[in-house]
Amino acid sequence: MPNLLRYAAEGIKNNHLSYDKVVERSNALEHQLKYQVWVAGCPGCAAACFVPFFKNSDHGAFSGEFRHDNTGNFNANIMVGYEEMAEMNHLLNELGMDGEELGGLVAWAMDMYENGIITKDDLGGIDLVWGDIKATIELVKNVAYRKTKVGNALADGYKRAFQVFGDKSIPLAWQFHGCSGGTYDARNRDLGRGLEYATSHNGARMGAGLGPALTEAATICQFAEPPFNTIWGSEAEFTRAFLNAVCGWNLTVDDVKTIQLRNYYFNRAVSFREGYHPAKDDGLPERCFTEPIKDKYGKQWVWTKEEYETAVKKYRTDTLKLTADGLLPRDGLVKVGLDFVIPLLEPMKAIG
Ligand code: SF4
């Protein structure tokens, strides 16, 4: 997380800001030395799971486990650091809430509060200023228990909340297909996930894309992929090695590539059936084109419309094996034995 923040690949202040010194308050080493019980995770993992921490402070005793999924869209995105997150991390787990989604919603609410779109009354009296962890905790509880106008609306997610907060709230929402996307920035082409998020039929999450859809389904953690790639050379090869070892199969790399395609195409076919269509749903938040960001080292990221249109077409055909418009290719479906979806999806203009 800290490095993603320094390289402008993770949201800062609801994805408005370039590098800001608040980033240094998400200090993994300091957290490790001060609070963690042990530090071992998978080799190379920047946010290892199953590592508990304990913290005593004037506010009480806290325990929890930092993961990118339960912390990543908070931190600098709501203008706090690890010290504050250590005192609310347990609450997210206790309430069983998706921190990645909720962090973006809280950052959006802070933004709307600052811009006068929501008021203290709408928040049940909470003064929701940037960086206030107590206010954040109260809002999180209100979302969980659907209390107050804002808590109740946020509990339904972005798309329904737009109807409550109105048109002015829409440009402030950092969302893709109705899903919070601040855990990775969408402008940064090196470490961000703009094209993955823009084209994903299942939201701005790990598992968006062709290969990742299979590795996530097979519970192969993406944070461990860099060392796996170093050892096995490619995603398809380490997926083959793991599936064979666990299932006793004898798959080849070509088998794995076919399974990747079948899994991805079928998943996308179900999304089409349920109403998704790239022509109306794909794209980046407008701020990706109008709000440049800089990383700690001065590199600037922003999209132009032309760059995006060219890149997204290439990404769909070369990486996702779709048509340039994001449709399922007829030949590809036939090749992997999914031709039975063609008559069902043709009336939805999903086949290209
Ligand atoms: S690589 Fe994944 S499974 Fe391994 S410690 Fe990191 S988050 Fe956990």
Side-chain angles (χ1 to χ4, degrees), residues 1-41 44-49 51-59 62-92 99-100 102-104 106-111 114 128-137 140 174 180-193 223 226 287 291-302:
M1 287 177 268
N3 266 342
L4 288 174
L5 286 165
R6 290 186 192 112
Y7 281 101
E10 190 172 311
I12 306 171
K13 202 177 185 188
N14 196 25
N15 294 75
H16 281 298
L17 285 190
S18 296
Y19 173 75
D20 182 277
K21 63 182 186 315
V22 72
V23 162
E24 303 306 332
R25 289 167 55 196
S26 296
N27 187 322
L29 287 178
E30 191 182 326
H31 176 73
Q32 224 171 55
L33 291 170
K34 282 163 87 172
Y35 305 124
Q36 282 187 347
V37 180
W38 61 78
V39 296
C45 179
C49 56
V51 181
F53 68 81
F54 293 97
K55 175 182 178 184
N56 279 311
S57 79
D58 293 345
H59 307 129
F62 303 93
S63 67
E65 178 205 8
F66 275 3
R67 310 184 63 154
H68 205 206
D69 330 63
N70 71 12
T71 316
N73 215 357
F74 282 96
N75 293 328
N77 215 23
I78 61 162
M79 302 300 279
V80 301
Y82 278 10
E83 290 293 348
E84 292 90 343
M85 285 312 298
E87 297 186 8
M88 72 163 281
N89 170 276
H90 66 288
L91 181 66
L92 303 174
E100 213 168 348
L102 192 57
V106 170
W108 181 42
M110 286 180 170
D111 217 349
E114 185 179 62
L128 192 68
V129 292
W130 294 104
D132 188 326
I133 201 69
K134 283 191 183 151
T136 301
I137 287 171
V140 164
W174 195 259
S180 283
T183 317
Y184 292 91
D185 196 88
R187 289 157 285 199
N188 186 319
R189 254 83 97 209
D190 282 350
L191 294 165
R193 299 200 172 208
F223 280 4
R287 288 201 269 134
E291 256 186 32
I293 44 160
K294 274 190 186 155
D295 69 17
K296 183 176 181 179
Y297 312 99
K299 190 163 184 176
Q300 178 168 295
W301 297 103
V302 70

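- Proximity of Leu17 to Met79: side-chain heavy atoms (C-beta onward) are separated by under 4.5 Å at one or more points.
- By the 4.5 Å heavy-atom criterion applied to side chains, Ile78 and Met110 are counted as neighbours.
- From Thr71, atom OG1 reaches atom CG of Asn89 across 5.0 Å, with rounding to the nearest 0.5 Å.
- Note that the CG atom of Asn27 and the NZ atom of Lys34 stand 8.5 Å from one another [nearest 0.5 Å].
- Pairing each heavy atom of Glu291 with each of Arg187, the nearest pair is O-NH1, 2.7 Å.
- Remark: Phe53 engages His31, Phe66 in a ring pair (Phe, Tyr, Trp, His ring centres under 6.0 Å) (not counting sequence neighbours).
- With sequence neighbours left out, the salt bridge (charged side-chain N to carboxylate O under 4.0 Å, His left out) criterion links Glu114 to Lys13.
- Scanning for side chain to side chain contact (heavy atoms under 4.5 Å, CB included) contacts around Ala8 gives Asn188, Ile293, Asp295, Trp301, with sequence neighbours left out.
- At a threshold of 4.5 Å between non-hydrogen side-chain atoms, the residues Glu30 and Glu24 do not count as touching.
- Between Thr136 and Leu128, the shortest heavy-atom distance links the atoms N-CD1, 4.4 Å.
- What you find for Asn14 and Gly104 is that their closest heavy atoms are OD1-O, 4.3 Å.
- The side-chain hydrogen bond (donor to acceptor under 3.5 Å, both in side chains) test with Asn15 is passed by exactly one of Asn73, Asp111, Asp185: Asp185.
- The line from OH of Tyr19 to CD1 of Ile12 is 8.5 Å long, rounded to the nearest 0.5 Å.
- When all heavy atoms of Gly72 and Glu10 are compared, the pair lying nearest together is O-OE2, 2.9 Å.
- Using a 4.5 Å heavy-atom threshold, the side chains of Tyr184 and Leu4 count as touching.
- In this structure, Lys55 and Ala86 approach most closely via the heavy-atom pair CD-CB, 4.0 Å.
- Between the CG atom of Leu92 and the NE2 atom of His90 there is a distance of 8.5 Å, given to the nearest 0.5 Å.
- Under the 4.5 Å side-chain criterion, counting only non-hydrogen atoms from C-beta, Trp174 is not in contact with Asn77.
- Smallest separation of non-hydrogen atoms from Ala76 and Ser26: N-OG, 4.4 Å.
- Checked against side chain to side chain contact (heavy atoms under 4.5 Å, CB included), His59 has the following partners two or more places apart in sequence or in another chain: Ser57, Phe62, Glu87.
- Partners of Val51 by side chain to side chain contact (heavy atoms under 4.5 Å, CB included), not counting sequence neighbours, listed by chain and number: Gln36, Trp38, Ala48.
- Under the side chain to side chain contact (heavy atoms under 4.5 Å, CB included) criterion, Glu84 pairs with Arg25, Val80, Ile133, not counting sequence neighbours.
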